[in-house]
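Report on the structure given below.
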Amino acid sequence: MRLYFKSIHRSMLFSFVILLVPVVITFFAIFSYFNEKALLKNSEEYTIQLIEQVNNKVDSYIDFMENISNMILYTDEPVRYITSDFKNKEERSYLENNIEEQFKTILELREDIYNIAIYGENGRLILNDGNEAINPNIDIKSKGWYKKAMEANGKITLTAAHVQNIIDNKYRWVVNMSKAIVDPQTNQAVGVFWVDFRFNALSNFCESIHLGNKGYVFVLDEAGNLVYHPKQQLIYSGLEVERIADVMNSKTESFLIDNKDAGRRRLYTISRSDKTNWTVVGVSSTKELFRNKEQVQILYLIITCIILFTAVMISYFISKQISRPIKLLKESMREVEVGNFELASPIVINDSEIGKLGKTFSIMIEKIKTLMDEKLKEEEVKRQLEFKALQAQINPHFLYNTLDSIVWMAESGKNQEVIIMTVSLARLLRQSISNESSIVTIGQEINYVKSYLTIQKKRYQDQLNFKIEVPLEIQHHEIVKLTLQPIVENAIYHGIKYKDSKGEIQIKGYEEQDCIIIEIIDDGIGMDETTLGNILKKKPSTTKNGVGIYNVNKRIKLQYGEAYGLHYESRLNEGTRVILKLPDKKTVKVRDIE
Amino acid sequence: MKKHWKMITLYILIVTVFVSLIYMYPSTTENDVWEIVLITKTNDQENGFWNTLRKGAEMSAQEHGVRLEIKGPESESDIFEQNRLIMEAIEEKPDAIVLAAADMEKTMPAALKIKENGIRLILIDSGLKEKIEDAMIGTDNFKAGIRMGAELKKYVGKDGKLAIISFVSNAKSAIDRERGVRKVFNGEEDRILETQYCNSDAKMAYEQTKKMLEKNPDIGAIAGLNQYSAEGAARAVVELGRKGKVKIVGIDNSKMQIHYLEEGVFEALVVQKAINMGYLGVEKAVDILEGRNVALNTDSGSLLVNKENMYIGMYQKALFPFLEE
């Protein structure tokens with residue numbers, strides 16, 4: 001399909017829109033794509049930082065617990081309590097009370113500690129403030145955390161979530177921190193000091209950072225057991241599955257997991273602690289990461305739409321701005337077409353190409369206007385000159401003289417001559433009235449001059465002779481009417497008339513370099529230089545000499561241009577040569593005279 | 001010119017609306033919050049099984065974003081009160097009711113009312129005589145009974161008799177468990193004494209056991225078919241000084257039961273997954289409401305725990321619900 005637009009404005013607007021819309025939309029798409037990538041990367045880095053923070057908190061929490069154990073184990077009381085053989089009861093209860101008092105203080109200060117205790121290999125136990133009912137069925141030595149602490153020989157050991165059953169009828173899930181009590185004398189582990197703490201501290205750390213509504217943080221121990229997980233129960237019940245193996249095997253700080261159920265990926269961020277050997281894992285749903293993105297996206301979309309709208313608006317005005325002068329130009333051209341020059345001048349708005357075009361157009365119209373005025377004036381002049389020429393050709397003087405001559409010839413019985421005279425006169429009159437056109441053929445004009453010369457020759461008897469040598473080839477070329485006769489008349493009245501001897505007028509016609517030359521040569525008295533210089537100038541007062549050479553010259557020039565016209569050459573007492581230059585133009589329209 | 005301008009405006013409008021729709025779409029598909037009522041057999045705070053089940057249901061409600069209301073009679077044997085609670089729940093016009101039927105026959109009319117009112121019915125723990133529910137989630141009690149029976153068979157001795165302390169004679173869970181136990185003793189039915197029903201009252205179970213032990217000194221093993229039956233039986237055995245001689249296998253995991261297990265009064269406990277039952281009860285309700293396919297029967301599972309493995313791995317996790325205080 002070919003699109004067709006009625007105006008430049010529309011096509012410009014259309015192209016603008018076609019260009020703008022995909023560009024802006026492509027830009028938007030690319031921007032969104034990279035935004036998504038950047039967002040993921042950003043949130044990865046951000047989550048890593050957050051998770052490290054959690055890890056640091058956990059570390060300092062364990063540090064704190066370790067400090068408690070250091071504080072307790074700094075004195076020799078625990079060792080003494082376990083290893084002493086206690087000769088008197090008071091000594092034992094004194095030590096017991098001391099330690100219990102310390103434990104009590106710690107328990108009062110720390111709500112997050114369930115149990116704090118020391119236990120010796122020999123079965124001596126101090127638990128909390130000493131008022132707890134001990135589970136009679138417990139075998140502490142068989143517990144994993146106890147064995148681990150004994151093996152570590154004085155180093156802190158941590159045990160992930162497990163059930164502590166030391167107190168009768170209380171089965172609590174705890175995290176355990178243990179440290180073997182080493183007898184400084186034998187350098188042997190004689191028992192274990194331990195702290196059981198609840199999950200609320202860990203859960204507070206894990207919940208202190210916000211990873212979106214679906215995001216969470218959990219903690220694993222070095223073996224991949226759960227230390228804390230917000231959905232620990234669900235995982236224990238097999239209702240939720242956590243990617244523990246993936247986390248433990250991961251070499252990188254973060255990885256993405258495709259979750260088919262959720263339909264969106266999850267970002268796992270890992271931070272391992274050198275202190276606790278625990279792994280803190282942050283899980284965030286990319287869907288939530290991108291929920292922010294969606295908001296941003298909508299913002300981008302709105303901005304894009306505004307840009308698009310504005311761009312289209314601007315292009316509408318720009319294209320209108322551009323096309324307006326063109327439209328104005330078009331309108332003024334239409335005025336010119338109708339011929340309304342006055343209304344045609346376009347308003348030039350600026351200096352752009354279109355503005356310049358408008359300016360040039362204005363100048364052109366001005367020129368045309370003046371040219372048309374000139375043309376009108378010329379036509380007027382031509383008409384007047386022609387009118388004068390017509391008036392002049394049947395000069396009453398000439399008519400009277402001719403008729404007088406005919407009467408005189410008739411009286412003297414020269415019948416033959418009377419016939420010639422009368423025929424010539426009749427022809428002359430006829431020719432002068434028969435053709436309304438201002439252009440005739442050279443042949444017609446020659447005939448006219450011939451008639452005129454025939455009459456004059458009879459009148460001047462033997463004093464005038466004439467010779468016409470105009471070849472037939474140029475007789476069909478055109479010439480302005482009534483041009484040759486005034487020249488010939490002028491040659492007779494101003495040249496030959498004043499000559500004493502017999503005068504001759506010669507008319508020659510020939511072609512020369514794309515123009516036609518007609519020479520009228522007389523051997524009359526000629527002219528001096530001043531007369532010659534003035535012959536072609538306007539002489540308004542000298543009307544008695546007929547139409548005048550000026551009239552002839554002017555008419556030729558008006559008709560054919562400045563290159564054509566009359567040229568006089570003359571020498572006093574030798575004669576005059578008039579050269580009439582005409583364009584090489586064959587007239588078609590002019591009818592021949594019978 | 002005007003027409004053209006209109007076209008462009010329209011074009012931009014269409015593009016805007018189209019693109020917006022694409023981006024808005026995921027966020028507009030938010031569901032209404034489902035309203036679900038859970039009716040338990042008892043709201044006894046000392047009952048580990050029902051406590052845990054409630055916790056599971058609450059977790060599930062939070063996980064799936066539904067509004068959950070929990071009702072339950074004081075006593076497990078108060079069938080009348082449970083029926084009243086069912087009617088009360090129907091009045092509230094919830095989307096689904098998750099019910100643990102106290103009696104497979106006497107709860108039927110109330111359960112039918114639930115269905116008649118166009119409310120989805122999900123049964124947990126114990127079923128009804130007729131299958132009218134949309135889904136059933138519970139321990140495969142027959143399987144649990146077989147587990148108990150197999151364990152009992154190890155301890156009952158060559159000539160020892162087996163006593164069965166059941167709870168409510170018409171509860172489907174009780175019937176299935178007993179069936180499972182009896183299945184193991186197939187062909188030796190004469191070794192099984194008359195089944196006692198304690199009406200989910202530990203004191204009654206204690207008295208019944210005591211009477212039986214006094215009457216039948218050759219009892220080698222006792223099956224306690226629920227928490228109360230098992231607790232009562234354990235107390236009787238301990239009191240009569242028969243601990244270690246009369247072996248008990250119970251079901252469920254109250255604190256007292258765990259203590260008896262540590263003490264060696266119970267040889268083993270079959271632990272139901274109460275959390276899972278509660279959790280799945282609500283989850284399946286949501287699935288049904290949202291038009292997903294749900295199996296008619298879901299076994300929430302059970303596990304045999306003994307003294308040796310009770311603090312190890314999955315046994316520890318099954319025996320001690322991880323509930324933060």
Side-chain angles (χ1 to χ4, degrees), chain A residues 5-7 9-10 13-14 16-17 21 24-25 28 32 114 135-138 142-144 161-165 168-173 198-200 203 225-226 229 231-240 263 287 290-291 294-295 297-298 300-302 304-305 308-309 312-313 315-316 320, chain B residues 1 3-5 7-9 11-13 15-17 19-20 22-27 48 52 55-56 59-60 62-63 65 253 255-256 258-265 273-280 283 300-301 307-308 310-325:
Chain A
F5 292 101
K6 248 184 159 179
S7 70
H9 173 51
R10 279 187 200 189
L13 188 56
F14 187 76
F16 278 152
V17 170
V21 172
V24 173
I25 286 172
F28 170 69
S32 306
Y114 274 138
N135 185 346
N137 304 307
I138 191 169
S142 70
K143 298 287 179 188
H162 64 278
V163 175
Q164 176 61 275
N165 62 332
D168 200 18
N169 264 325
K170 275 192 180 162
Y171 303 94
R172 282 159 159 169
W173 285 90
R198 34 196 291 177
F199 291 81
N200 64 346
S203 65
N225 298 312
L226 283 181
H229 194 290
K231 289 181 188 167
Q232 205 146 341
Q233 176 60 67
L234 297 182
I235 291 163
Y236 282 170
S237 307
L239 293 165
E240 288 265 341
K287 191 174 183 173
F290 296 146
R291 180 167 296 165
E294 273 162 24
Q295 284 167 1
Q297 203 96 321
I298 286 164
Y300 288 160
L301 193 74
I302 291 166
T304 307
C305 287
L308 209 61
F309 188 76
V312 171
M313 285 280 271
S315 42
Y316 175 78
K320 197 169 183 178
Chain B
M1 194 62 58
K3 204 178 160 191
H4 205 66
W5 184 232
M7 257 170 60
I8 287 161
T9 316
Y11 173 76
I12 290 167
L13 215 75
V15 169
T16 313
V17 168
V19 178
S20 306
I22 292 169
Y23 284 98
M24 299 294 194
Y25 184 71
S27 57
T52 314
K55 279 269 158 56
M59 281 186 220
S60 187
Q62 202 191 351
E63 195 76 5
N253 51 340
K255 259 183 198 164
M256 198 189 280
I258 292 165
H259 193 86
Y260 280 132
L261 183 67
E262 273 190 313
E263 217 180 306
V265 180
K273 297 188 173 169
I275 285 271
N276 299 34
M277 223 182 276
Y279 189 92
L280 291 173
E283 185 175 86
S300 52
K307 198 185 169 181
E308 277 65 48
M310 66 185 285
Y311 289 106
I312 299 170
M314 64 178 205
Y315 304 101
Q316 174 173 262
K317 287 169 190 168
L319 193 60
F320 303 100
F322 185 91
L323 302 168
E324 264 215 86
E325 282 140 62

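Small disclaimer: the values here were computed from a predicted structure and weren't measured. Any value given below was found using the heavy atoms of this structure, including those in side chains, with hydrogens, waters and symmetry copies removed. All chains are named by letter (A, B, ...) in the order of the sequence lines, taking the proteins before the strands, and each is independently numbered beginning at 1.
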Please name all residues satisfying ring pair (Phe, Tyr, Trp, His ring centres under 6.0 Å) with Tyr311(B), sequence neighbours left out, ordered by chain then number. Phe320(B)
Is it the case that the side chain of Gln316(B) and the backbone of Val163(A) share a donor-acceptor pair, with hydrogens and angles ignored and the cut-off at 3.5 Å? yes
Could you list the residues that satisfy salt bridge (Lys or Arg N to Asp or Glu O under 4.0 Å) with Glu263(B), not counting sequence neighbours? none
Asn165(A) versus chain B, the contacting section by heavy-atom distance below 4.5 Å: both
Counting distance only, does the side-chain N/O of Glu262(B) pair as donor-acceptor with the main-chain N or O of His259(B) below 3.5 Å? no
Would you mind checking which part of Leu319(B) comes under 4.5 Å of any heavy atom in chain A, side chain (CB onward), backbone (N, CA, C, O), both or neither? neither
Which portion of Glu283(B) sits near chain A, non-hydrogen atoms under 4.5 angstrom: neither
